[in-house]
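Data block below; observations after.
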Amino acid sequence: MPIIMPTCERPPQFTTKTKAQNEENRPLVFDASILQFQSNIPSEFVWPDHEKPCSGPPELVIPPIDLKAFFSGDSLAISNAMEQVNLACKKHGFFLVVNHGIDSELVAKAHKYMDLFFGMKLSEKQRAQRKIGEHCGYASSFTGRFSSKLPWKETLSFRYCADEQFPNIVEDYFVNVMGEDFGQLGTVYQEYCEAMSNLSLGIMELLGMSLGVGREHFREFFEEHDSIMRLNYYPICQKPDQTLGTGPHCDPTSLTILHQDHVGGLQVFVDEKWHDVTPNTDAFVVNIGDTFMALSNGIYKSCLHRAVVNNKTVRKSLAFFLSPKMDKLVIPPTSLVNQNTPRLYPDFTWSSLLEFTQKHYRADMKTLFAFTEWISQKIN
Ligand SMILES: C=C1C[C@]23C[C@H]1CC[C@H]2[C@]1(C)CCC[C@@](C)(C(=O)O)[C@H]1[C@@H]3C(=O)O
Ligand SMILES: O=C(O)CCC(=O)C(=O)O
Ligand SMILES: [Fe+2]
């Protein structure tokens, strides 16, 4: 059965189809289990020359932050961690954390169950198919959402709420969407999200101290967070220099805690060039997102990053996107706003920014700028 065919009906906003792509009006399907063996890749997956992966990028070398030392109460360790975070977040919004206390067995199980889920037949995975305009569910390269610059990846995204009203939200998601047989898988990701929730609130203490607004400020802001867990699965690609696993972007969310496997592929844009982030399976990658950049009144930068693929092996990453309650107003602490640093962004809710990225704009490196333009036009 032919795997990649011209795209079918025109989803709103995201599709800039040419007539040729619609002539056959046949469904575009990204079935990685077959596509990865095709020597050429379809034009929809070929990125423009200026965005294609570059050969031999330098490695980003930054000292990991030792969280165990920070939480030990040792004043020197605390000031070191605050300084490291402050420098990194003011420059590129990216840092690594080690001695984080997350059970390595739990991380290993989370990766193992990704192999199980994404190794299923496409029709099985499509039982969790993500609907247009929604951010949860299974997506295979967003074929129904975008029509060019398609990412070479499959994803499964689901919600995690740190709210006792939803004590088993992840387990329930898997059982309700995929069936009772997926209960164990749901339990592992429930535990993983709980661990990510604790870790991200701990990092919020460090960020608050490093910005001089106190340990509790951002921890309290995110106490009842409504976050997104995303499993990224990057199939082997025969033409890895033609495409991208995830295009260049800043995460619209607040804080991303990412675990990449041993394969490597994450790149961060620093000093005007792309840098490889060498895999370190004992570390978590942490990056500032657009919403936290607004919360810090632009002092901390939303990290510009992307993911490349390869022709040898599958790559996987686990991304936890910390986000505030949907209706919570994103307003920086008053101490970060003064004559020298006036307000950079308008008040907004996370739900409005999320909706913007899901229904009106493909998140990239200019999302927050485009969003502020969009809401100012809506007001005027
Ligand atoms: C709120 C979100 C939208 C995306 C997933 C989370 C945080 C990162 C965003 C994303 C990964 C940025 C690049 C484009 C995107 C479409 C993707 O490649 O997956 C974005 C996600 C999304 O809109 O589904
Ligand atoms: O897979 C990676 O290393 C990066 C993925 C990413 O940036 C994302 O999902 O937002
Ligand atoms: Fe990202």
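Numbering of ligands and ligand atoms starts at 1, following listing order. Only heavy atoms go into these numbers, but all of them, side chains included; no hydrogens, no water, no symmetry mates.
Residue contacts with ligand 1: Arg130 is placed with a nitrogen or oxygen under 3.5 Å of a nitrogen or oxygen of the ligand (distance criterion only). Ligand 1 has no N or O atom lying under 3.5 Å from any N or O atom of Thr246, backbone or side chain.
Considering each of Arg306, Arg230, His135, the one bringing a non-hydrogen atom nearest atom 4 (C) of ligand 1 is Arg230. Nearest-heavy-atom check against atom 23 (O) of ligand 1 across Arg145, Arg362, Glu134 picks out Arg145.
Closest to atom 3 (C) of ligand 1 among all protein heavy atoms lies Gln358 NE2, 3.7 Å. Annotation: atom 15 (C) of ligand 1 to nearest protein heavy atom, Phe142 CE1, 4.5 Å. In terms of protein heavy atoms, atom 14 (C) of ligand 1 is closest to Ala363 O, 3.6 Å.
Under the 3.5 Å distance criterion, with hydrogens and angles disregarded, a donor-acceptor pair is assigned to the side chains of Asp31 and Ser33. A donor and an acceptor atom, one from each side chain of Gln184 and Tyr113, are located under 3.5 Å apart. Judged by distance alone, the side chains of Asp163 and His225 never bring a donor and an acceptor atom under 3.5 Å apart. Side-chain contact check for Asn310 and Tyr234: no donor-acceptor pair (N or O, by modelled atom type) lies under 3.5 Å. A side-chain N or O of Glu59 and one of Thr278 form a donor-acceptor pair less than 3.5 Å apart. Judged purely by distance below 3.5 Å, without hydrogens or angles, the side chains of Thr349 and Ser351 pair a donor atom with an acceptor atom.
Judged by the 6.0 Å distance and 45° axis criteria, Arg230 is not positioned over the aromatic ring of Phe321. Geometrically, Arg159 engages Phe166 in a cation-pi contact, judged by NZ or CZ lying under 6.0 Å from the ring centre and within 45° of the ring axis. Remark: Lys109 fails to qualify as a cation-pi partner of Tyr192 under the 6.0 Å distance and 45° angle criteria applied to the six-membered ring.
Near Phe146, meaning under 4.0 Å from any of its heavy atoms, are these atoms of ligand 1: 16 (C). Here is the list of ligand 1 atoms found below 4.0 Å of a heavy atom in His249: 12 (C), 13 (C). Using a 4.0 Å cut-off to heavy atoms of Asp251, the atoms of ligand 1 that qualify are 8 (C). Set against the non-hydrogen atoms of Pro252, the atoms of ligand 1 under 4.0 Å away are 7 (C), 8 (C), 9 (C). The contact set between ligand 1 and Leu354, taken as ligand atoms under 4.0 Å from a residue heavy atom, comprises 1 (C). Close approach of ligand 1 to Lys153 (heavy-atom distance below 4.0 Å) involves ligand atoms 17 (C), 18 (O), 19 (O).
Looking at Lys316 and Asp115, a side-chain N of the basic residue comes within less than 4.0 Å of a carboxylate O on the acidic one, giving a salt bridge. Using a 4.0 Å cut-off between a side-chain N of Lys or Arg and a carboxylate O of Asp or Glu, Lys366 and Asp364 qualify as a salt bridge.
Pocket lining of ligand 2, defined as residues with a non-hydrogen atom under 4.0 Å away: Asn232, Tyr234, His249, Asp251, Leu258, Leu266, His305, Ala307, Arg315, Ser317, Phe321.
Crowding of Glu105 atom CD: a count of heavy atoms from other residues, nucleotides or ligands under 6.0 Å not exceeding 12. Atom NZ of Lys239 has more than 12 heavy atoms from other residues, nucleotides or ligands within 6.0 Å.
Closer than 2.8 Å to the Fe ion (ligand 3) sit the protein N, O or S atoms His249 NE2, Asp251 OD1, His305 NE2.
Evaluated for a salt bridge (charged side-chain N to carboxylate O under 4.0 Å, His left out) with Lys325, the options Glu220, Glu224, Glu223 yield exactly one hit, Glu224.
With a 4.5 Å cut-off on side-chain heavy atoms, Phe70 and Leu206 count as touching.
Here the closest non-hydrogen pair linking Glu194 and Tyr160 is CG-OH, 3.3 Å.
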